[in-house]
J.: 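Structure provided below as structure tokens; questions to follow.
Only heavy atoms go into these numbers, but all of them, side chains included; no hydrogens, no water, no symmetry mates.
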Amino acid sequence: MAQTTTNNFSTDTPQVTPPSQEHTPPTHAGVSGGEAATLIDGKATAAAIKAEIKAAVAAMAATGHRAPHLAAILVGHDGGSETYVANKVRACAECGFRSTLLRFEDTISEAELLREVARLNADPEVDGFIVQLPLPRHIDEQHVIEAIDPRKDVDGFHPVNVGRMAVGLPAFVSATPKGILELLRRYGVHTSGSKCVILGRSNIVGRPMAQLMSSKQGGDATVCVCHSHSSQLADECRTADIIIAAIGRPAFLKADMVKPGAVIIDVGTTRVPDASRPRGFRLQGDVDFEAVAPIASMITPVPGGVGPMTICMLMQNTLAAARREYYA
């Protein structure tokens, strides 16, 4: 049996006026004289976007439309997944969404999980839902992803959404790449015609990021995707105006791989042992931050950079699902 938690968040409370974006820096310029890089604050940007979403939900409520409803399936008790799902539930509250969390033990069979996916597909009160990854080893994740109705696939992992994005059709876009593109836009980073090097080729970040950055509707940049088997990887990075590091190796991007004035986006989040911290570890990105920051014009921190934007973009996708923006 699933443990179900449903939260109904009222939208009739006073609405927060979305913060202005006057803090957004202009298009980046090259670093000279050792001036400090601009810190790209994902946490503050996500807070501003969530305020915008909350205002949109209030406008929907004023016309008699119910609040958007996001459901999440959580299998097992993985610590990282527990934290991430809890953050999603909290974000729903902040945006005025309704949320439902369905918990299952890691002994659930693939067939049982697929039946639950089918039930959510058929539920007209659920606008979008996610199945939190990773799943237990006995469950084929791709089977589960493909079972989700693309119209409710707010994670943007279904092949239909991936394909629609690839050819420039409206679609739910994977939240992390979408959040990165939004950060670049809100910080005034000039992407059109720029060279962007993406470190990593995963289906969740690297590949969709390359599609977004190269498309006319997205970054309109010249994109190079590098990975663990790429030759001349460091040389490619040294020619990049923008580097998006999603290779899953702590402190992989070093100072000698970055040209002065480059914009650095760090997607990595690895727990590194640190006896000085209360929990015995710290979060380390894929960028050697202390060494790279003095060279870059802009850089994201870890934590507080890309992470908050990922959940924020999931909220944006859910709002779009409730509005039926991408599918009739």
Side-chain angles (χ1 to χ4, degrees), residues 2-13 15-16 46-61 65-76 78 80-104 113-114 116-135 141 144-145 147-158 160-161 170-179 182 204 307-327:
Q3 296 179 6
T4 305
T5 304
T6 302
N7 296 307
N8 294 283
F9 299 110
S10 173
T11 59
D12 58 4
T13 54
Q15 300 302 307
V16 178
I49 295 172
K50 283 187 284 189
E52 295 166 7
I53 294 171
K54 184 174 182 178
V57 171
M60 291 170 64
H65 197 291
R66 62 171 174 77
H69 183 185
L70 174 67
I73 293 177
L74 178 61
V75 179
D78 176 77
S81 293
E82 291 271 5
T83 299
Y84 195 50
V85 169
N87 288 338
K88 290 172 182 177
V89 171
R90 188 178 304 113
C92 283
E94 293 170 352
C95 292
F97 288 7
R98 179 185 175 194
S99 72
T100 298
L101 174 58
L102 301 168
R103 292 177 173 271
F104 297 91
L113 183 56
L114 290 173
E116 192 62 31
V117 168
R119 187 185 68 79
L120 291 175
N121 283 339
D123 188 342
E125 294 296 311
V126 174
D127 297 302
F129 68 93
I130 64 164
V131 178
Q132 183 63 37
L133 304 179
L135 292 171
E141 291 184 353
V144 175
I145 290 170
I148 297 171
D149 186 335
R151 296 170 296 181
K152 296 188 177 188
D153 169 42
V154 288
D155 256 341
F157 294 163
H158 193 285
V160 167
N161 281 314
F172 295 115
V173 176
S174 183
T176 298
K178 184 177 182 180
E182 189 68 16
I204 294 175
M309 292 296 294
T310 297
I311 293 177
C312 185
M313 293 300 101
L314 180 65
M315 300 298 108
Q316 267 197 0
N317 281 348
T318 303
L319 178 62
R323 288 171 162 174
R324 307 292 189 266
E325 290 182 1
Y326 302 148
Y327 297 91

J.: In chain order, what residues pass the salt bridge (Lys or Arg N to Asp or Glu O under 4.0 Å) check against Arg323, with sequence neighbours excluded?
T.: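 Residues passing salt bridge (Lys or Arg N to Asp or Glu O under 4.0 Å) with Arg323: Glu325.
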J.: What is the distance from atom CD of Gln316 to atom NZ of Lys178, rounded to the nearest 0.5 Å?
T.: 4.5 Å
J.: With sequence neighbours excluded, tell me which residues meet side chain to side chain contact (heavy atoms under 4.5 Å, CB included) with Asp155.
T.: Ile130, Asp153, Phe157, Leu314
J.: In terms of side-chain heavy atoms, does Tyr84 have a donor or acceptor partner in Asp78 at a distance below 3.5 Å?
T.: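 There is no such pair (donor and acceptor under 3.5 Å, judged by atom type) between the side chains of Tyr84 and Asp78.
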J.: May I have the step-by-step check of side chain to side chain contact (heavy atoms under 4.5 Å, CB included) for Leu101 and Val85, ending in yes or no?
T.: CA-CA 8 Å; Leu101 174 58; Val85 169; 3.4 Å; yes
J.: Nearest 0.5 Å, please: how far is OG in Ser81 from CD in Gln132?
T.: 4.5 Å
J.: Holding to side chain to side chain contact (heavy atoms under 4.5 Å, CB included), I want the full list of residues that pass it with Leu114, two or more places apart in sequence or in another chain.
T.: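 If we apply the side chain to side chain contact (heavy atoms under 4.5 Å, CB included) test to Leu114, skipping adjacent residues, the hits are Glu110, Val144, Ala147.
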J.: Residues two or more places apart in sequence or in another chain: which of them pass side-chain hydrogen bond (donor to acceptor under 3.5 Å, both in side chains) with Asn87?
T.: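 If we apply the side-chain hydrogen bond (donor to acceptor under 3.5 Å, both in side chains) test to Asn87, skipping adjacent residues, the hits are Arg90.
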J.: Just jot down the side-chain hydrogen bond (donor to acceptor under 3.5 Å, both in side chains) partners of Asp127, sequence neighbours excluded, or say none.
T.: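 Partners of Asp127 by the side-chain hydrogen bond (donor to acceptor under 3.5 Å, both in side chains) criterion, ordered by chain and then number, come out as Arg66, Arg324.
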J.: Which residues satisfy the salt bridge (Lys or Arg N to Asp or Glu O under 4.0 Å) test with Asp149, sequence neighbours excluded?
T.: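 Once residues adjacent in sequence are excluded, the partners of Asp149 under the salt bridge (Lys or Arg N to Asp or Glu O under 4.0 Å) criterion are Arg151.
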J.: Show the numbers, then the answer: is there a side chain to side chain contact (heavy atoms under 4.5 Å, CB included) between Glu116 and Val131?
T.: CA-CA 10 Å; Glu116 192 62 31; Val131 178; over 6 Å; no
J.: To check you understand the geometry: which heavy-atom pair defines the closest contact between Val57 and Phe97, and what is its length?
T.: CG2-CE1, 3.5 Å
J.: Could you state the interatomic distance from CG (Leu133) to CD (Glu141), rounded to the nearest 0.5 Å?
T.: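 Nearest 0.5 Å value for the CG-CD distance: 4.5 Å.
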J.: Looking at CD1 of Ile148 and NE2 of His158, how far apart are the two atoms once the value is rounded to the nearest 0.5 Å?
T.: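 So the gap between those two atoms works out to 7.5 Å.
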J.: Going by the rule salt bridge (Lys or Arg N to Asp or Glu O under 4.0 Å), which residues pair with Glu82 if we only count those two or more places apart in sequence or in a different chain?
T.: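 Glu82 satisfies salt bridge (Lys or Arg N to Asp or Glu O under 4.0 Å) with Arg103 only.
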J.: For the atom pair CG (Leu120) and NZ (Lys152), what is the distance rounded to the nearest 0.5 Å?
T.: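 Here the rounded value is 7.0 Å.
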J.: Does the side chain to side chain contact (heavy atoms under 4.5 Å, CB included) test come out yes or no for Lys88 and Leu74, once each step is laid out?
T.: CA-CA 12 Å; Lys88 290 172 182 177; Leu74 178 61; over 6 Å; no
J.: Give the C-alpha distance, both sets of side-chain angles, the deciding distance and a yes or no for side chain to side chain contact (heavy atoms under 4.5 Å, CB included) between Cys92 and Met315.
T.: CA-CA 7 Å; Cys92 283; Met315 300 298 108; 4.0 Å; yes
J.: With sequence neighbours excluded, what pairs up with Ser174 under the side-chain hydrogen bond (donor to acceptor under 3.5 Å, both in side chains) test?
T.: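 Testing Ser174 for side-chain hydrogen bond (donor to acceptor under 3.5 Å, both in side chains), a comparison that skips the adjacent residues, returns none.
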J.: If the condition is salt bridge (Lys or Arg N to Asp or Glu O under 4.0 Å), which residues does Lys50 pass it with, not counting sequence neighbours?
T.: Glu94
J.: Donor-acceptor pair, distance only, cut-off 3.5 Å: does the side chain of His69 make one with the backbone of Glu125?
T.: yes
